[in-house]
Amino acid sequence: MPELKRFLLADTAEGLTEAEILDWRVQPGDEVQVNQIVVEVETAKAAVELPIPWAGVVTELLAEPGETVEVGAPILTIDVNPTGAASSADAEPPAEEEMKPLVGYGSKAVSTRRRPRRNAVETTAGSERLNGLATTAPTPRAPVEEPAAGHHVPVDKPPVRKPVEEPAGGYVPLAKPPVRKLAKELGVDLRTVAGSAEGGVITRADVERAAAPVAAAPAGGRERRVPIKSVRKATAQAVTQSAFTAPHVTEFLTVDVTPMMELREKLKRHPDFAGVKLTPLAFAAKALCLAVKRTPEVNATWDADAGEIVFKDYVHLGIAAATPRGLVVPKIRDADAMSLLELARALDQLTTTAREGKTPPADMLNGTITITNVGVFGVDTGTPIINPGESAILAFGTIRDTPWVVDGQIQVRKVLQLALSFDHRLVDGQQGSEFLADVGALLADPGLALTY
């Protein structure tokens with residue numbers, strides 16, 4: 001007899017509550033092995049591939065691409081006894097085994113939820129499927145309008161349905177992935193669309209009809225609406241929390257980095273750096289790590305609950321990276337213990353992984369200080385917002401050929417602007433200024449690193 005298990009959506013990082021199904025790697029009927037990747041999901045932190053802990057045959061996919069699912073909800077059913085061997089689980093419902101968080105200390109308890117059943121107007125006669133198994137318990141039906149007394153309801157048409165109230169767990173419209181994509185492009189909220197296909201499934205025609213009134217409006221065709229979710233939602237929550245919790249102060253410094261750029265060209269010809277992508281950001285990372293030792297407050301955390309300032313004797317350096325899914329900040333662990341060569345390699349690997357959307361959630365946790373490289377976009381500087389849990393962030397601007405006074409003479413030099421935002425609760429103006437000056441001095445004269 002079949003032995004069915006439900007694969008639950010695990011907490012892929014500390015504190016996450018939901019994820020969007022991006023792509024199924026398996027289909028019903030496929031045979032899978034232990035730890036085989038079965039689905040790719042997008043959380044508020046990154047896209048993550050999830051492995052399945054059992055071997056067997058996939059019997060049902062319980063969520064569609066584009067659907068947002070709560071942590072702890074079943075997303076797949078698998079028969080772990082496809083050969084039909086005797087099992088103690090015969091005739092039992094699919095087991096929902098606890099899925100441990102992939103990262104972090106555990107997720108909060110949540111109740112699982114499924115979308116409303118497909119057929120909202122059928123009678124309750126006969127059995128219905130519940131996650132792939134038969135059960136005689138009827139599924140609650142959507143309310144329907146009763147015909148007025150004396151009026152005849154044609155037998156070939158279902159009664160007109162009242163709008164379905166959104167259940168406590170959240171209403172999930174029934175629509176295929178191409179229809180969902182079309183709805184996003186046209187700015188149509190599927191929750192406002194009544195499906196005309198069997199079981200209330202929304203079709204392309206339904207979406208196009210819903211979009212027609214919008215197109216007829218004065219602003220028609222010039223607006224589109226996209227749901228706020230995943231990385232964008234997490235970014236918004238983080239920067240809002242930081243901006244209204246930590247009192248920000250931002251200072252600026254313009255630096256002649258011609259010696260740094262000359263050293264970079266020299267090192268690129270050195271055998272040790274052969275094949276290494278040595279960017280100006282690597283020098284900034286090294287300078288920051290050296291300067292932290294002289295101003296540890298910028299690498300500390302304000303613990304309001306404990307009434308303490310927590311000083312970190314290590315640097316988990318965050319690098320703000322723009323990706324197709326939004327802004328992420330992966331970390332270089334123990335960056336202060338790395339040489340310039342090691343930092344260059346780590347930065348190259350980190351940015352490549354981030355742009356591909358493959359940064360593991362664990363790599364974005366527990367940073368101590370961050371660099372944002374706005375110069376890569378041709379921007380001189382900015383006023384960056386501190387990452388929650390940190391006390392400072394350094395903006396690294398573009399390097400430009402600029403007239404500069406050297407020994408009383410005007411010369412064309414390589415010049416950049418630095419900006420440092422810091423939490424004024426634990427970093428005073430003097431400390432922030434000294435740290436920024438140290439970073440600038442190390443970039444202006446890399447030889448000073450020998451004195452630190």
Side-chain angles (χ1 to χ4, degrees), residues 13-15 45-46 101-105 238 242 245-246 276 279 281-321 328-351 353-354 359-373 384-396 418 420-428 431-443 446 448-452:
E14 183 178 358
K45 296 182 179 293
L102 303 184
V103 177
Y105 302 99
S242 176
T245 301
V276 177
T279 64
L281 185 61
F283 287 87
K286 184 62 179 178
L288 178 147
C289 291
L290 291 171
V292 159
K293 296 179 180 179
R294 290 160 55 115
T295 312
E297 289 82 3
V298 299
N299 195 54
T301 297
W302 181 273
D303 189 340
D305 294 336
E308 298 173 339
I309 296 175
V310 183
F311 289 89
K312 312 291 179 66
D313 293 329
Y314 54 89
V315 175
H316 289 344
L317 178 60
I319 303 294
V328 297
V329 189
K331 321 299 180 188
I332 299 177
R333 306 293 176 189
D334 297 310
D336 55 314
M338 293 184 177
S339 65
L340 179 64
L341 176 60
E342 291 169 331
L343 280 171
R345 287 173 173 162
L347 280 168
D348 187 26
Q349 180 179 357
L350 176 149
T351 53
T353 302
T359 304
D363 288 359
M364 291 185 279
L365 299 174
N366 304 322
T368 62
I369 190 170
T370 295
I371 295 179
T372 177
N373 183 13
I385 295 178
I386 305 163
N387 279 320
E390 301 177 12
S391 62
I393 180 172
L394 179 72
F396 188 82
L418 300 172
L420 179 72
S421 292
F422 54 87
D423 185 342
H424 214 338
R425 293 175 300 178
L426 48 82
V427 180
D428 295 333
Q431 296 162 336
S433 300
E434 289 174 346
F435 173 77
L436 184 58
D438 280 345
V439 173
L442 288 165
L443 297 177
L448 283 177
L450 295 174
T451 67
Y452 277 60

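Every heavy atom of this structure was used, including side-chain atoms; hydrogens, water molecules and symmetry mates were not.
The shortest non-hydrogen separation linking Leu340 to Ala282 is CD1-O, 3.6 Å. Here the shortest heavy-atom pairing between His316 and Asn366 reads CD2-O, 3.4 Å. Heavy-atom minimum distance, Asp313 versus Asp336: O-OD2, 4.2 Å. Closest non-hydrogen pair, Pro330 versus Ala354, comes out as CG-CB, 4.4 Å. Considering all non-hydrogen atoms of both residues, Trp302 and Asp423 come closest at CB-OD2, 4.5 Å.
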Test log, rule side-chain contact (heavy atoms from CB on, under 4.5 Å), inputs Leu420 and Ile393 | CA-CA 6 Å; Leu420 179 72; Ile393 180 172; over 6 Å; no
Just do the side-chain contact (heavy atoms from CB on, under 4.5 Å) check on Asp348 and Val276 with the steps written out, would you?
-> CA-CA 8 Å; Asp348 187 26; Val276 177; over 6 Å; no
Given Leu394 and Leu436, is the side-chain contact (heavy atoms from CB on, under 4.5 Å) satisfied, shown in steps?
-> CA-CA 9 Å; Leu394 179 72; Leu436 184 58; 3.9 Å; yes
Could you give me the CA-CA distance, side-chain angles and deciding distance for Thr353 and Gln349, then say whether side-chain contact (heavy atoms from CB on, under 4.5 Å) is met?
-> CA-CA 6 Å; Thr353 302; Gln349 180 179 357; 4.2 Å; yes
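Taking the side chain to side chain donor-acceptor pair (under 3.5 Å) definition, one finds that Asn373 meets it with nothing, sequence neighbours left out. Listed by chain and number, the residues in a salt bridge (charged side-chain N to carboxylate O under 4.0 Å, His left out) with Lys286 amount to none (sequence neighbours excluded). Tyr452 pairs by the ring pair (Phe, Tyr, Trp, His ring centres under 6.0 Å) definition with nothing, not counting sequence neighbours. Residues forming a side chain to side chain donor-acceptor pair (under 3.5 Å) with Ser421 (at least two apart in sequence, or on another chain): Thr250. Checked against side chain to side chain contact (heavy atoms under 4.5 Å, CB included), Pro296 has the following partners two or more places apart in sequence or in another chain: Phe311.
In this structure, Ser391 OG and Phe435 CZ are separated by 9.0 Å, a value rounded to the nearest 0.5 Å. If you take OG1 on Thr359 and NZ on Lys331, they are separated by 11.0 Å, rounding to the nearest 0.5 Å. The CD1 atom of Ile319 sits 11.0 Å away from the CZ atom of Phe396 when rounded to the nearest 0.5 Å. Distance check: Ile332 CD1 to Leu343 CG gives 6.0 Å after rounding to the nearest 0.5 Å. Taken to the nearest 0.5 Å, the CG atom of Leu288 stands 15.0 Å off from the CZ atom of Phe283.
Put simply, the side chain of Thr295 never gets that close to the backbone of Val292: no donor and acceptor are under 3.5 Å apart. Formation of a donor-acceptor pair under 3.5 Å by the Thr351 side chain with backbone atoms of Leu347 is found in this model. Proximity of a side-chain donor or acceptor of Glu434 to a complementary backbone N or O of Gln431 within less than 3.5 Å is not detected. Although no hydrogens or angles enter the test, the distance criterion places a donor-acceptor pair under 3.5 Å between the side chain of Ser242 and the main chain of Ile386.
Between Leu290 and Leu442 there is a side-chain heavy-atom pair separated by less than 4.5 Å. Inter-residue side-chain proximity for Thr368 and Lys312 is flagged as met; some heavy-atom pair is nearer than 4.5 Å. In this structure the side chain of Ile369 reaches within 4.5 angstrom of the side chain of Val315, judged on heavy atoms.
Listed by first then second residue, pairs satisfying salt bridge (charged side-chain N to carboxylate O under 4.0 Å, His left out) with a partner in residues 292-306 read Arg294-Asp438, not counting sequence neighbours.
In this model, no donor atom of one side chain and acceptor atom of the other lie less than 3.5 Å apart for Glu390 and Thr301.
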